[in-house]
Structure formats: structure tokens, C-alpha cells
Asks: 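Quick one: the structure is below, and I'll ask about it shortly.
First the proteins, then the strands, lettered A, B, ... as listed; each starts at 1.
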2 protein chains.
Amino acid sequence: MTHSEENYLKGIYHLSKGGSVAVATNAIASQMDTKPSSVTDMVKRLSEKGLVDYRKYQGVSLTESGSRQALKIVRKHRLWELFLVEKLDFKWDQVHEIAEQLEHIESEVLIDRLDALLNYPDFDPHGDPIPDKNGVFKTREKKLLSAMPVPSEGLFVGVKDSSATFLRFLDKHRIALGKKVSILEKEEFDHSMRIRLDGEAFRISHQIASNLYIKPNAVP
Amino acid sequence: MTHSEENYLKGIYHLSKGGSVAVATNAIASQMDTKPSSVTDMVKRLSEKGLVDYRKYQGVSLTESGSRQALKIVRKHRLWELFLVEKLDFKWDQVHEIAEQLEHIESEVLIDRLDALLNYPDFDPHGDPIPDKNGVFKTREKKLLSAMPVPSEGLFVGVKDSSATFLRFLDKHRIALGKKVSILEKEEFDHSMRIRLDGEAFRISHQIASNLYIKPNAVP
DNA sequence: AATTAAATTTAGACAAATCTAAAAATTTGT
DNA sequence: ACAAATTTTTAGATTTGTCTAAATTTAATT
Ligand SMILES: [Mn+2]
Ligand SMILES: [Mn+2]
Ligand SMILES: [Mn+2]
Ligand SMILES: [Mn+2]
């Protein structure tokens, strides 16, 4: 597989949310930052290779084989991201671009060793699950902060938007993975919320709240 | 620069032994395992970009800029090789192919961090010098074992042939970098030699002896 | 149901990197 | 010095991945 083919598979995987839902040509084009006509071309090639199911005008979905391949790339991407953060002291907003390159390195044993070096991690620096050798990954209950009841509590476990600008915004406000969050109040008018974090209470906009994943505390 | 362009620059660099000697089209073709006509094409592209000096039928040489680029790739290749050996427990015969891929990862800061993680090393797992950020590398006196006088002593510091088969052969005979070597005897007839290593004396063929680099012990 | 709008595909072009076969230049040998 | 051998370049084709512009299909609206 070429880098481009791998990138398309990964893109389709993300759009179909892992499932085998059909994805539209235009959706792929904007995901991959390319033109619909290029997508059609590539999708035909992938279909030839048995990696996607494609019916003209009806969208594409990953085959079993395509899905396996996509998961391998996702696994590599996330392992490399974690490596960069854990072993080379990168910040979580600096690793994605480099991992976009590293994910294409072909070596089964390299990835196995990396996995071992990192102690077989379950999640990447952004809280996304890392598939294991067989493509299986841990799931955990999580809700968007904006969808949490008032009052309630939970742990901050992931970001929906993982753009560098958003991540740096979170850094600035000391919002980091693993921290405990209490939901204090929700404003009807603009859907902004008051939360407590590190003992300190403050207000965040709906925009922010709808990009943070919270693992709700079990309520007995 | 594309991967292919980078590979050509590195190939030309190795053939011209770092200097600005002109290299023949056929030489490049066999180094790169490609056809002379492909070399001519690529060399024209590189010339357009100011990375090589090229005069038809007269061979190519790296420009200042081309040389800088080539050294960057060599630096990355060797740092990655050392990383694989030091941090991921690869053997010295398993790292080259993976480093061939990793050397193309584009990120200045990544290489700086890797360099720091490895403590700013001077030599790679095969005894080849690692250029620093500015392309400068340590040189050390070294001679082919086959060229050493009898009797004499030195340290095994590098291999000329770094093919996996040769490296595994060395492993089998417990010939490893840094070990002390005594040259005991040289055979006129077939140029084989008797040497002592790890206290044990044995005979090696000329083929072997002419692929091992020795740093001669200073004789006062 | 017909028209309009949107999504998708096709046709044709282009750059990069490669190849084979043929032509041209250089080098070698007598 | 000149023919033969070798090296190098050119010409033309192919694959991959992309694009623009035009045609086609599907979806939405009157
Ligand atoms: Mn990422
Ligand atoms: Mn991530
Ligand atoms: Mn190497
Ligand atoms: Mn090496």
C-alpha cells in the first residue's frame, strides 16, 4: 500500500466511525483536503484491491480487509504520538503532524517494540484508544461535557477537537487529561457552564464544553 | 524534497565519499539499483534545484547545498539506527532497512530530541560517524584489518561491508565493536591472518580482514 | 412530474518517477 | 587515427496521484 492509499483508508475509517457505514465522496474529499474527482479515482483503486466496497453514486465503505488495514495505521499513529510525548517530551499539540509521517513506516516488529517500550498503552495523548495487535481496543463510557447533567462529576478523558489551537487553549487553562471535573451550573441562554477543576470554579463556553469528553463518576 | 530525491543525494554523497568528486551515471545507477536513464532524469531535476552540478557526459557532484542536505539525511539515518539498537533492542543487522524509511521523516525538532535522548552520540551501531546539527562529524584514525602491520594491536571500530549477512557472521564469531584485536600473523599465500580477540586466537580470511576497520593502538 | 440544485463521475491534462529501446558522445584498443 | 566498445542521453511509454472542466446521476423543490 502507498502512503496515499493508507491515508484514504484511515480517512474513510474515521468518517465511518469504525463501522461499515457508507461514506460520501464529498465527505472524503473534505476530510482528505482534496477534490471529489480525485476521491473517485482513488476509491476505484481501493475497490480493485478489495479494501473498500464501492457502488457508483452510492458511497464507499471499508471491507473487512480495509478495516483491518485502517486499524493498523490508527494503531501506529497513536503509538507514535504517545512515544513522542512520553519519551521525547513533546507536548500533546505537537505530535499529530509528525505521527502523520511516522504512521507509514512499515515494520511489524518496530511497532511491537514501541508498544512494549510504552507498556502496552490503551490510550494516546488525546485520550483516543490505541488498538492492540489484533485491532481490538478498550472502550470506556464517555460523554461530552456539554451533555453532562447538573450537578454531576467525572474525569476529563478526551478531546473531540484535537487541533493544536484547542489543545493549547486547554493547556493555558490547565485543563489536562485525568483531572476531576465537577459540573456546577448550566446557563439556559448560551449553554455556557460553570465547572470546578483543581478546586477552582470557572465558566466555559458551549464551544469548549462540546469538545471535551468526560467519564461520568458512577453514582450509586 | 521527495524521498527519491533524498535517496539520490545520499547515494551520490556516499559515492563521492563526502567530497565533491564527480560521480558517473552508471555508478549512481548501480548504487541506487535503478537504470542509467532514470539517473539522468533525476540528476537533471536535482541540477534544476541547485543540489548537484551536472555537465552532460561528465558526471555529477554535490553542490554546497546538496552536500548539506545529504548530510542531514545521513545524520537522520544513523541516529535512527542507533535509537533502534539502544532503545528498542534491535540487533545491528536489523536496523538499516527501517532507518531507510525513518531517515525521510521531516522534523528538525524530532531529530534534535532523538539526538539528546541518545546523548549526542558520535557513532552509529556500525561505527560510522554521526554528523552533528551542522554536518560536522568526528573522524578517527582507522585502518582495514588487512592493512595492519604484523605484529600490532588495535580496537575494532567499524565495518566496511555492513550487510546483514556479514554482520551476523561477525556476531557468530563474537567479533563486536570496541573489542581489542591483536594481529599475530599474516599468510603470504592467501593473505589470511591470525588474530587474537577475547584472549582467543584464530584465523580469518582476507575477505573478512578487508572489511573490518581497526583503530591502531598508539605505539610510543 | 418537471425543473432545479447538488453530488458524483468521466474525460483529458499534468508532474514525478520509472522503464525499454534507440541515438549520441566518450573512451579504449589496435 | 579510427573502428569498436562502453557510457550516457534522448525519445517515448507507463503508473500513481492529482487537478479542472464537462457530463451524468441522484436528490430536492416547486
Ligand atoms: Mn493524531
Ligand atoms: Mn491522537
Ligand atoms: Mn544503514
Ligand atoms: Mn549504519
Asks: Of all residues at least two apart in sequence or in a different chain, which pass the salt bridge (Lys or Arg N to Asp or Glu O under 4.0 Å) check with A:Lys56?
Replies: none
Asks: For A:Phe169, what residues pass the ring-ring contact (aromatic ring centres under 6.0 Å, His included) criterion, not counting sequence neighbours?
Replies: A:His173
Asks: I'd like to check the side-chain contact (heavy atoms from CB on, under 4.5 Å) partners of A:Thr165; sequence neighbours left out, ordered by chain and number.
Replies: A:Ser163, A:Arg168
Asks: Between A:Asp89 and B:Arg113, is a salt bridge (Lys or Arg N to Asp or Glu O under 4.0 Å) present by the stated rule, with each step listed?
Replies: CA-CA 8 Å; A:Asp89 299 317; B:Arg113 298 281 173 94; 5.7 Å; no
Asks: Going 5' to 3' along DNA chain D, between which two nucleotides do contacts with chain B fall, using a heavy-atom cut-off of 4.0 Å?
Replies: D:dT7 to D:dT10
Asks: Check side-chain contact (heavy atoms from CB on, under 4.5 Å) between B:Arg203 and all other residues, then give those that pass, not counting sequence neighbours.
Replies: B:Glu185, B:Glu187, B:Ser192, B:Arg194
Asks: Can you list the residues that meet the salt bridge (Lys or Arg N to Asp or Glu O under 4.0 Å) rule with A:Asp122, with sequence neighbours excluded?
Replies: A:Lys138
Asks: What does the list of N/O pairs under 3.5 Å between the protein and nucleotides 26-28 of chain C look like, with a distance for each?
Replies:
none

Asks: Test of understanding: with salt bridge (Lys or Arg N to Asp or Glu O under 4.0 Å), list the residues that count as partners of B:Asp53, not counting sequence neighbours.
Replies: none
Asks: Check every strand shown and say whether B:Thr25 touches a base, only sugar-phosphate, or nothing at a heavy-atom separation below 4.0 Å.
Replies: sugar-phosphate
Asks: The criterion is side-chain contact (heavy atoms from CB on, under 4.5 Å); which residues satisfy it with A:Asn119, sequence neighbours excluded?
Replies: none
Asks: Applying salt bridge (Lys or Arg N to Asp or Glu O under 4.0 Å), can you list everything that pairs with A:Glu103, at least two apart in sequence or on another chain?
Replies: A:Lys10
Asks: How does each nucleotide of nucleotides 15-22 of chain C score, in 5' to 3' order, for protein heavy atoms under 4.0 Å: base (B), sugar-phosphate only (S), or none (-)?
Replies: --SBBB--
Asks: Show every donor-acceptor pair shorter than 3.5 Å between a side-chain atom in residues 17-40 of chain A and any protein atom, with sequence neighbours excluded, or say none if there are none.
Replies:
{"unit_1": "A:Ser30", "atom_1": "OG", "unit_2": "A:Ala27", "atom_2": "O", "d": "3.3"}
{"unit_1": "A:Thr40", "atom_1": "OG1", "unit_2": "A:Pro36", "atom_2": "O", "d": "3.2"}

